[in-house]
2 protein chains.
Amino acid sequence: MPNQAVSKRRSECPLNASVEMLGDRWSLLIIRDMMLRGFRSYKEFMECYEGIATNVLADRLRKLVAYGIIRTEPDPADGRKVTYLLTKKGIDLAPVLTEMVLWVAAHEDTGNQALVRLMREDKQKFLAGVRERWASRH
Amino acid sequence: MPNQAVSKRRSECPLNASVEMLGDRWSLLIIRDMMLRGFRSYKEFMECYEGIATNVLADRLRKLVAYGIIRTEPDPADGRKVTYLLTKKGIDLAPVLTEMVLWVAAHEDTGNQALVRLMREDKQKFLAGVRERWASRH
DNA sequence: TATTTCACTTGCATAATGCAAGTGATAATT
DNA sequence: AATTATCACTTGCATTATGCAAGTGAAATA
């Protein structure tokens, strides 16, 4: 890394704002599960995460919406249901999630080796897949 | 994304363990600043992060060590000082940090455009730089 | 010898989280 | 049409984590 790119000045260092949103126990999991598992509803998140408090889930979803990473859409067929969708900004997190999954896979045992292999061996294809999967509805 | 790689089963989804460590307000910042700003000492972190509590910083550093992402080394020239260093596992987080910085840069105003440009235009060179910068001391 | 510096710890008030029990709107069942 | 179930939440409260100020002890510096 060229030394001129290294700076100790705080303002010179990108990341602070995003970490405010991503730097918590649940947000990254929510995004991962929308991206990799196709989660769309409050119920799916709630049933899936052992230990998440229902008020905290509501709060995180609200903040992710406020932050422009996800958005909601009412279900035209069922007035009770709300669909959570990734926005463009949310989909753009795919490379981050990908690298994170690969990092975990490289350093500890992890499930879904097929997915990991795809991510590692053809990252571009995987990312294209995510984008396509969400293209119609961002 | 091929559908067979998508699974709703929890055990099939990598990330949980790592998010336990990375999913908090400070850990990613600490790693970023070691990687991008060359931080090495308790003091540097403490002076830099407005709002971090000294006991929390101590706790995070301890956990990052326990998790194998950083390690400590006594300063041979000064018995008071402790040097914090990234391990191999920590350096391997460079791609994650890189994608995160690029994501932030793409979606909000951010400092150090030179660094962002390097990351975007020659990601491999940037990553090689990080690895080299730390190679002698992991 | 006295004062700083460094890497912390301790104590306590405040804030965030987890958990159980609602609530209100809509949908499905009887 | 009335009752029950589902969905996406909210509310209240106990527990845990965090922030802040003030220490502590070992080692360096004046």
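Source: prediction; values computed, not measured. Chain letters run A, B, ... following the sequence lines, proteins first and then strands; every chain starts at 1.
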Using whole Å, report how far [atom1] of [X] lies from [atom2] of [N].
X	N	atom1	atom2	result
Arg80(B)	dA7(C)	CZ	C1'	10 Å
Asp78(B)	dT5(C)	CG	P	13 Å
Asp75(B)	dA7(C)	CG	P	9 Å
Asp24(B)	dT17(C)	CG	P	11 Å
Lys43(A)	dA27(C)	NZ	C1'	13 Å

ask   = Using 30° and 60° as the class limits, which term best fits the ring planes of Tyr49(A) and Phe39(A): parallel, tilted or perpendicular?
value =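 Tilted, since the angle between the ring planes falls between 30° and 60°.
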
message = Roughly what angle, to 10°, lies between the helix axis at the start of the helix from dT1(C)-dA30(D) to dT30(C)-dA1(D) and the one at its end, five pairs per end?
response =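 Rounded to the nearest 10 degrees, the bend comes out at 10°.
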
query = Does the side chain of Arg37(B) come within less than 4.5 Å of Cys48(B)'s, by heavy atoms?
reply =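 Yes, side chains in contact.
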
query = Is any side-chain heavy atom of Leu36(B) closer than 4.5 Å to a side-chain heavy atom of Leu115(B)?
reply =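 Leu36(B) reaches Leu115(B) side chain to side chain.
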
key: For Arg62(B), salt bridge (Lys or Arg N to Asp or Glu O under 4.0 Å) partners two or more places apart   =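 Testing Arg62(B) for salt bridge (Lys or Arg N to Asp or Glu O under 4.0 Å), a comparison that skips the adjacent residues, returns Asp59(B).
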
key: Nearest non-hydrogen partners of Met35(A) and Val130(A), listed with the distance   =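 Taking every non-hydrogen atom into account, CG-CG1, 3.7 Å.
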
key: Shortest non-hydrogen separation from Arg40(A) to Glu44(A) and the atoms involved   =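 Closest approach of Arg40(A) to Glu44(A): N-OE1, 2.7 Å.
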
key: Expected output: side-chain Glu132(A) to main-chain Ala128(A) donor-acceptor under 3.5 Å   =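 Not confirmed, Glu132(A) side chain does not pair with Ala128(A) backbone.
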
key: Residue mapping more 5' on DNA chain D - nearest nucleotide basis, Pro76(B) or Glu47(A)   =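 Its nucleotide being nearer the 5' end, the pick is Glu47(A).
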
key: Chi angles and distances behind the side chain to side chain contact (heavy atoms under 4.5 Å, CB included) call for Leu22(A), Leu93(A)   = CA-CA 10 Å; Leu22(A) 302 179; Leu93(A) 277 169; 4.1 Å; yes

For residues 77-84 of chain B, please give each side-chain donor-acceptor pair under 3.5 Å, one per line with the distance, not counting sequence neighbours.
| from | atom 1 | to | atom 2 | distance (Å) |
| --- | --- | --- | --- | --- |
| Asp78(B) | OD1 | Arg80(B) | N | 3.0 |
| Asp78(B) | OD1 | Arg80(B) | NE | 3.2 |
| Asp78(B) | OD2 | Arg80(B) | NH2 | 2.9 |

ask   = Between dA16(C) and Trp26(A), is there an OP1 or OP2 to side-chain N/O distance shorter than 4.0 Å?
value =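 No.
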
ask   = Near DNA chain C, which residues from residues 51-62 of chain B have a heavy atom under 4.0 Å away?
value =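 Going residue by residue through residues 51-62 of chain B, the ones with a heavy atom under 4.0 Å of DNA chain C turn out to be Thr54(B), Asn55(B), Ala58(B), Arg62(B).
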
query = Does Lys43(A) come within less than 4.0 Å of Glu47(A), counting only side-chain N to carboxylate O?
reply =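 Salt bridge: yes.
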
ask   = So where does chain B start and stop touching DNA chain D, 5' to 3', when the test is distance under 4.0 Å to a non-hydrogen atom?
value =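 Nucleotide range with atoms under 4.0 Å of chain B: dT18(D) to dA28(D).
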
Please tabulate, for side-chain N and O atoms in residues 98-106 of chain A, each donor-acceptor pair with protein atoms closer than 3.5 Å (sequence neighbours left out).
| from | atom 1 | to | atom 2 | distance (Å) |
| --- | --- | --- | --- | --- |
| Thr98(A) | OG1 | Ala94(A) | O | 2.7 |
| Glu99(A) | OE2 | Lys123(A) | NZ | 2.6 |
| Trp103(A) | NE1 | Lys89(B) | O | 2.9 |

